[in-house]
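Have a look at the structure below, then the notes.
Chain letters run A, B, ... following the sequence lines, proteins first and then strands; every chain starts at 1.
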There are 2 protein chains.
Amino acid sequence: MKHHPIVPRERILDTALRLFHEQGYHATGINQIISEAGVAKASLYLHFKSKEELGIEYLNARQDLWFTQLRLFTDAEKKTRKKILAAFDFLAYVNENEHFRGCSFLNMLSEIRPDNYALLTSIQNHKQELRQFFTDILGEQKNDAADIVYMLFESAATESQLFKNQWPIEKAKQAVSDLCKLKYIK
Amino acid sequence: MKHHPIVPRERILDTALRLFHEQGYHATGINQIISEAGVAKASLYLHFKSKEELGIEYLNARQDLWFTQLRLFTDAEKKTRKKILAAFDFLAYVNENEHFRGCSFLNMLSEIRPDNYALLTSIQNHKQELRQFFTDILGEQKNDAADIVYMLFESAATESQLFKNQWPIEKAKQAVSDLCKLKYIK
DNA sequence: TTCAATAAATAGACTGGTCTGTATGTTTAA
DNA sequence: TTAAACATACAGACCAGTCTATTTATTGAA
């Protein structure tokens, strides 16, 4: 034994979490994962029956990590408006930390075929939870304010990845502020 | 000769246009392209020096096709508000025709590494032109109305791909209408 | 208009590499 | 003693890209 501080399964998952996000799902091979995780190939297939299953577990792990960090930002605020703005600040924080690699789930969406229901469902569930997150903050409003904020949030993530710049987040925040003043968002 | 109605280079590009969009860039191999285009491998490498160059030409061709079709929708309208809404109708039309495969450029963005400047620049140029398209319609407004519309447009495309449903487009259209009534968009 | 020269397109073998996944046998830890 | 983890070779498929050799099409000149 190499006296690793964490068990092989977690080393694999941690490495997949990093590599899939940095390089993409298809661009990352099993061999690179086991090499950087310091794990034998047979060990990987002992814990995950295929690369796709590892992909699903990757999304599950990312889901937990991502929402936990998001809530660290939003829970610190009390007012509705400030909670929303804090969510956008979280996006900017992630961009800085992860070099504008964007959303793991949307990146995966672009890589899979539409008939890959296993992965597609994981992605949809994550986004459904994010929609619910904004609905919980804003409540059900006739004008679908929560979904408008959700869509601004999503494009802020995508467009900042695309332009490698935080301006889409700043513009989205400004729009949210304006819409609050106009009482479109309450 | 097989009496093909169009020359090999166009057959390759047409096939790439279809396959890259349907299956993704990495998931589509050169062999499938030449096979479905009815072209010899040496012919492909006669017209394109690498797969990446074909990828760039693919984006260029998509850019022309996409904007031409978009303008067919928007040019038919005279009022600012109706022009914008027509752009969203174009999105819904594309979703129907292409089975909710989303935006070719954003899909490519998710597949490439951030240091692939050749492809990244093509993608950025396309989106920059789209931003300009909305700015041309809406004019320069203090509140960045054009960029807000741009961001709603982008997420409408992405989210309808994700949920395989037109609701994000409908909600974005409703938001645009509301913002017009509130004089946020003029 | 015919014919030779040139260019374009063809088929397909081949290289060297990567991919996911399996199988074998050994070592370590519980 | 049992199970987990190890290293590593291997299979079979696919990848991008090169090369050879042949056939087809075009073009220019006599």
**Prompt:** Cut-off 3.5 Å, side chains only: do Q161(B) and N95(B) have a donor facing an acceptor?
**Reply:** no
**Message:** Testing the 3.5 Å rule here: is there a donor-acceptor pair between the side chains of Q128(B) and Q132(B)?
**Reply:**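 The answer is no; no qualifying pair exists.
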**Request:** Please tell me which of R9(B) and K41(B) maps to the more 5' nucleotide of DNA chain C, matching each residue to the nucleotide holding its nearest heavy atom.
**Result:** R9(B)
**Item:** Closest-nucleotide ordering on DNA chain C, the 5'-leading residue of L46(B) and E52(A)
**Value:**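 Taking each residue's closest nucleotide, the earlier one in sequence belongs to L46(B).
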Measure from [atom1] on [X] to [atom2] on [N] and round the result to the nearest Å.
X      : N       : atom1 : atom2 : result
Y45(B) : dC15(D) : OH    : P     : 11 Å
L54(A) : dG21(C) : CG    : P     : 10 Å
K51(B) : dT18(D) : NZ    : P     : 15 Å
K49(A) : dT20(C) : NZ    : P     : 16 Å
E53(A) : dG21(C) : CD    : P     : 10 Å

**Prompt:** Is E22(A) salt-bridged to R113(B), going by a charged N under 4.0 Å from an acidic O?
**Reply:**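 Answer for the salt bridge query: no.
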**Item:** Sequence-distant partners of Y25(A), ring pair (Phe, Tyr, Trp, His ring centres under 6.0 Å), two or more places apart
**Value:** F20(A)
**Request:** Side chain of A40(A) only, please: which of dA5(D), dG21(C), dA7(D) is the nearest?
**Result:**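 Shortest atom-to-atom distance from the side chain points to dA7(D).
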**Message:** For H126(A) and F67(A), I'd like to know if the aromatic rings sit close, meaning centre-to-centre distance below 6.0 Å.
**Reply:**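 For H126(A) and F67(A), the ring centres are under 6.0 Å apart.
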**Request:** May I ask you to evaluate whether H47(A) reaches the phosphate of dA5(D), defined as a side-chain N or O under 4.0 Å from OP1 or OP2?
**Result:** yes
**Residues in contact with DNA chain C, drawn from residues 18-35 of chain B - heavy-atom cutoff 4.0 Å** = none
**Asked** Tell me, which pairs form a side chain to side chain donor-acceptor pair (under 3.5 Å) where one or both residues lie in residues 74-89 of chain B, sequence neighbours left out?
**Response**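 Sorted pair list: D89(B)-K173(B).
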